[in-house]
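Counting convention: from 1, in listed order, for ligands and their atoms alike.
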Amino acid sequence: MFEALSDKLSGVFDRLRGRGTLGEADVAEALREVRLALLDADVALPVVRDFIARVRERAVGAEVLESVTPGQQIVKIVNDALVEQLGGAGAVPVNLNAAAPIPILMVGLQGSGKTTTAGKLGLRIQTRERRRVLLASLDTQRPAAQLQLQQLGERAGVTSLPIVAGQTPVEIARRALDTARREVFDVVILDTAGRLSIDAALMDEVRAIRDVAAPAETLLVVDAMTGQDAVNTARAFNEALGVTGIVLTRMDGDARGGAALSMRAVTGAPIKLAGTGEKLEALEDFHPERVAGRILG
Ligand code: GDP
């Protein structure tokens, strides 16, 4: 793994062989390569800076091991720090430890894959956890949005809330929760409207929905291709709502996944799931080690 970066670093560190510790100047040179790799993977600039500072602290003065080259050693330090910052080993599950019906709020920008992810998550919870799921679209902005979720639900075999024209998102949220209580659903997935960019009206609307629904999870759905904008998106949603988990979509594409590091750094919320395709089954646990590998290239 990490052959590309290791190759680059081996040149930097070859001359270090046989010395006692990693020196500051050598580490600085190596970290320049790491910085480029992170920027290349679309990690946001402020996040790269913080990360590099942390790794520098760990690397300078570290004893040069006999068993590996110094280049490999610093790649390991960088990789370990990345995995740690991405959430450590193992995936954090979606929280279903709450009284039924458990509301899960899906938020994000339009086109991030939010509605698709709502359907995928419904299917996953229903098949893996064997809980009854109700899907509800609160997107009254896009005329086709509620229908889109309903059709996804039909394909997935997950019930969706009947569409009633003219209701506000908050009214639909209340109706979804009432229906779930009455018809004994375990989980209610509330899909909210996205916008092309963050705006005050969107945030006010989602906040009002959150206040009514008191979600056990507020999942921010982000396209892995987002790149530098990931930080702004994450910060805005987190400040307005308090994000409890992140879903990174389009991990099947060629995005290196730098957005994951940015989102995680800004919100502190764990990345819980990864979307890996258009199919309803294409939703996986998020594995920090794999994404660290992708980021380092
Ligand atoms: P929304 O506007 O955020 O609700 O986005 P949609 O759920 O409508 O998704 C927009 C497009 O992205 C659709 O064509 C989805 O099939 C596609 N999509 C969503 N998630 C993924 C993913 O993980 N991988 C790929 N390749 N496509 C995805």
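The Gln110 neighbourhood of ligand 1 comprises atoms 2 (O), with distances under 4.0 Å to a heavy atom of that residue. Applying the 4.0 Å criterion to heavy atoms of Gly275 picks out, from ligand 1, the atoms 23 (O). Which parts of ligand 1 touch Ser112 is read off a 4.0 Å heavy-atom cut-off, strictly below it: atoms 3 (O).
Looking at heavy atoms from C-beta onward, Leu134 lies out of side-chain contact with Ile189 at the 4.5 angstrom threshold. Contact check for Thr159 versus Phe185: side-chain heavy atoms found under the 4.5 Å cut-off. Proximity of Arg182 to Thr179: side-chain heavy atoms (C-beta onward) are separated by under 4.5 Å at one or more points. Between Asp191 and Leu135, the closest side-chain pair of non-hydrogen atoms is not below 4.5 Å. Between Pro270 and Arg264 the shortest side-chain heavy-atom distance falls below 4.5 Å. Between Val92 and Phe286 the shortest side-chain heavy-atom distance does not fall below 4.5 Å. When side chains are defined from C-beta on, Asn238 does not count as touching Leu220, because their heavy atoms never get closer than 4.5 Å. Two residues are said to be in side-chain contact when any heavy atoms from C-beta on lie closer than 4.5 Å; Asp186 and Glu129 fail this criterion.
In this structure, Gly194 falls outside the shell of residues with a heavy atom less than 4.0 angstrom from ligand 1. Within the structure, ligand 1 has Gly277 among the residues with a heavy atom less than 4.0 angstrom away. For the ligand labelled ligand 1, residue Leu109 lies inside the 4.0 Å heavy-atom shell.
Atom 5 (O) of ligand 1 has Gly113 N, 3.2 Å as its closest protein atom, hydrogens excluded (heavy atom only). Considering only non-hydrogen protein atoms, atom 8 (O) of ligand 1 sits nearest to Gln148 NE2, 2.9 Å. The protein heavy-atom contact nearest to atom 2 (O) of ligand 1 is Gly111 N, 2.7 Å. Scanning all protein heavy atoms for the shortest distance to atom 11 (C) of ligand 1 gives Arg250 NH2, 3.4 Å. Remark: minimum distance from atom 7 (O) of ligand 1 to any protein heavy atom is reached at Thr116 OG1, 2.5 Å.
In the candidate list Arg195, Met251, Glu278, Glu278 is nearest to atom 16 (O) of ligand 1, counting heavy atoms.
Residue Thr249 has no nitrogen or oxygen atom sitting less than 3.5 Å from a nitrogen or oxygen atom of ligand 1, judged on distance alone.
Residue contacts with ligand 1, taken as heavy atom pairs separated by less than 4.0 Å, involve Asp252 solely via side-chain atoms from C-beta onward. Contacts between Thr117 and ligand 1, counted as non-hydrogen atom pairs separated by less than 4.0 Å, are absent for every part of the residue. Of the heavy atoms in Thr276, only backbone atoms (N, CA, C, O) come closer than 4.0 Å to ligand 1.
Checked for salt-bridge contact, Arg54 and Glu84 miss the test: no charged N lies under 4.0 Å from a carboxylate O. Between Asp285 and Arg124 there is a salt bridge, since at least one side-chain N of the basic residue sits less than 4.0 Å from a carboxylate O of the acidic one.
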